[in-house]
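Just so it is clear, the structure is predicted and the values come from calculations on it, not from any experiment. Each chain gets a letter, A, B and so on, in the order the sequences are listed, and its residues count up from 1.
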2 protein chains.
Amino acid sequence: MPRGEAPPEPRVPPQTVEEFRDRLHALNGQLPRRLQQCADHVATHLDRIALSTVAQVAQGAGVPPSAVMRFCQIMGFTGYAEMQRLFRKALSHAAPDYATRLANLKAGGVGQPATLVAEFVEAGRQSIEALARDLNETALNQAVTTLAQARTIHLAGFRRSFPVASYLAYVFDKLGVPAVLHDGVAGLGHRSTLQPGDALLAITFAPYSEETLALVAQARDRGLPVVALTDPPASQLAGVADTILTVTEIDFGAFRSLSAVIALALALAVAVAARRET
Amino acid sequence: MPRGEAPPEPRVPPQTVEEFRDRLHALNGQLPRRLQQCADHVATHLDRIALSTVAQVAQGAGVPPSAVMRFCQIMGFTGYAEMQRLFRKALSHAAPDYATRLANLKAGGVGQPATLVAEFVEAGRQSIEALARDLNETALNQAVTTLAQARTIHLAGFRRSFPVASYLAYVFDKLGVPAVLHDGVAGLGHRSTLQPGDALLAITFAPYSEETLALVAQARDRGLPVVALTDPPASQLAGVADTILTVTEIDFGAFRSLSAVIALALALAVAVAARRET
DNA sequence: GCGAAAATGGAATATTCGTTCTATTGCTGG
DNA sequence: CCAGCAATAGAACGAATATTCCATTTTCGC
């Protein structure tokens, strides 16, 4: 082993998954080939560790099991077992008895109110996880840029998209971002308010509502940028919107929980507000 | 071994957690003492099986390990290992690489749009899981009964509760349930529409909005039942609402994802519609 | 290129954990 | 009260798996 400068090879193992990630990141680039392979594979499959054996991780990384063992020790653990303990604890704490509780709610029987709650909870959770999985970061960044540059943001969303649009109006107001909610009250649109320098944020799901499509077309005619928040496939909007953000919302029965759309919309709003302040 | 009538001891193991629960339920009551202890413990700690050893399950149930083994075989598995495989598969499919993806999104850095999405996703998921955990079934059933008996349902919800109220208005409309959204357009309430036989569903979070409280008081004066959808502690509403449904909504920054409230509201709406039809 | 030190792969070993076996206990029906 | 059977507990066994060790290869400084 080298004499003078000892690389910070810690004797205390990471206590949380966060710490683990940090240490992994710090080590990146200064590892021998096989250990780097381990690091790469582990980084992209963090969740598998809790349920995999050394041999499986090794095969996944394309290295012999002994390399995985050395990797564990580099990370500060005494061995694979200790490392796995960390991830198992994280996994079991993540869902303490959520699954059981859900099953109990459902056990009441179809049609029972509690069962319905369980179904919508399940749909909401799946939608939200799908959002995290499928988020298009490029489109999101582009949307933020577009909206941050706009003088006024116009919000379009009718029928089941209306709650989202109205919540955005509330949030933008709180954040001090000029936004107009096109709510169709009194049968008149605010179409004349679409002015140069503005942008349109349209929230709409198939089948797209007439009003929203009309507003999008109008904005397009006047040369305003259009950001669409919709569900895949966004076929009809592909030609007319500059930026398309898609969200897969799982629905139970005929109705959607809107969880994923709202989460995305909120993040978008906060990011836009932050960008405008700088 | 016995000769003639073989008890229905299945040779094919349950393929899903659902099937597992069914078989467990079917066996209930006709098991010897120790096996029943196993069944009870497993039923209430379904989620632990994936990560526990035989010895741990046995200790939890207060039986020797061999009793757990016999229980596994009664359930149709060849042994504990096979049973555990079922739950591990369920666990890993539930969160395929969701956790990793979330961490990756967050890794972008504070203030990045993608990181914000991750935060709101996290908040939404926690809210939704909290709903499943803390749902008060009694209050829910009572709310359904109250609203199902109403001639017309009045919806109150302003500011950040407005999206929920407006979504409920949309859903009730689709379901053919008479509902009025008190949206405050033109500064006039629809107060005069509060008629005998109606009911009020108020959605409001602390700090409660003036308009909602006023509407609740008015309904109360006229003797109409009031159902409140709010966050704990519902101190101010305790005296004035007949039924109180609480939802703990985790917020990130100053904003809430509304996931849990919407899930509960949707379930409530569908349950009410179903009850009215019968 | 040569030598030392690090890295590597694979076999040997230790440990943990599931599974089986059997003696004993506790029932149940005659 | 006794025979017969089911249920049980604990110990012994065996398979799976983590861990260590060492011979070989690779890398890097001189």
Restricting both atoms to N or O, compile the protein contacts to nucleotides 25-30 of chain D shorter than 3.5 Å, with distance only.
none

Applying side-chain hydrogen bond (donor to acceptor under 3.5 Å, both in side chains), run through B/Glu249 and B/Ser257 and close with a yes or a no.
-> CA-CA 8 Å; B/Glu249 193 83 41; B/Ser257 72; 3.3 Å; yes
Rounding to a whole Å, what distance do you find between [X]:[atom1] and [N]:[atom2]?
| X | N | atom1 | atom2 | result |
| --- | --- | --- | --- | --- |
| A/Arg70 | D/dC22 | CZ | C1' | 12 Å |
| A/Ile74 | C/dA6 | CD1 | P | 12 Å |
| A/Arg34 | C/dG9 | CZ | P | 4 Å |
| A/Phe77 | D/dT19 | CZ | C1' | 16 Å |

Is any NZ, NE, NH1 or NH2 atom of the basic residue among B/Glu18 and B/Arg21 found under 4.0 Å from an Asp or Glu carboxylate oxygen of the other?
-> no
Charged N-O contact under 4.0 Å between A/Asp251 and A/Arg160 | no
Walk me through it: do B/Gln36 and B/Arg33 pass the test side-chain hydrogen bond (donor to acceptor under 3.5 Å, both in side chains)?
-> CA-CA 5 Å; B/Gln36 187 63 51; B/Arg33 194 171 54 97; over 6 Å; no
Any pair with a residue in residues 58-86 of chain A that passes salt bridge (Lys or Arg N to Asp or Glu O under 4.0 Å), sequence neighbours left out, goes on the list, sorted by first then second residue, please.
->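 Counting only pairs at least two positions apart or across chains, no salt bridge (Lys or Arg N to Asp or Glu O under 4.0 Å) contact touches residues 58-86 of chain A.
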Shortest non-hydrogen contact between A/Leu135 and A/Leu140, atoms and distance | CD2-CD2, 4.1 Å
Compare every heavy atom of B/Asn141 with every heavy atom of A/Pro113, then report the nearest pair and how far apart it is.
->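 Result for this residue pair: CG-OD1, 3.2 Å.
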From CA spacing to verdict: ring pair (Phe, Tyr, Trp, His ring centres under 6.0 Å), A/Phe20, A/Phe87 = CA-CA 10 Å; A/Phe20 182 90; A/Phe87 286 94; 5.0 Å; yes
Which nucleotides of nucleotides 11-19 of chain C have their base under 4.0 Å from a protein heavy atom (B), which only their sugar-phosphate (S), and which neither (-), written as one string 5' to 3'?
-> ------SSB
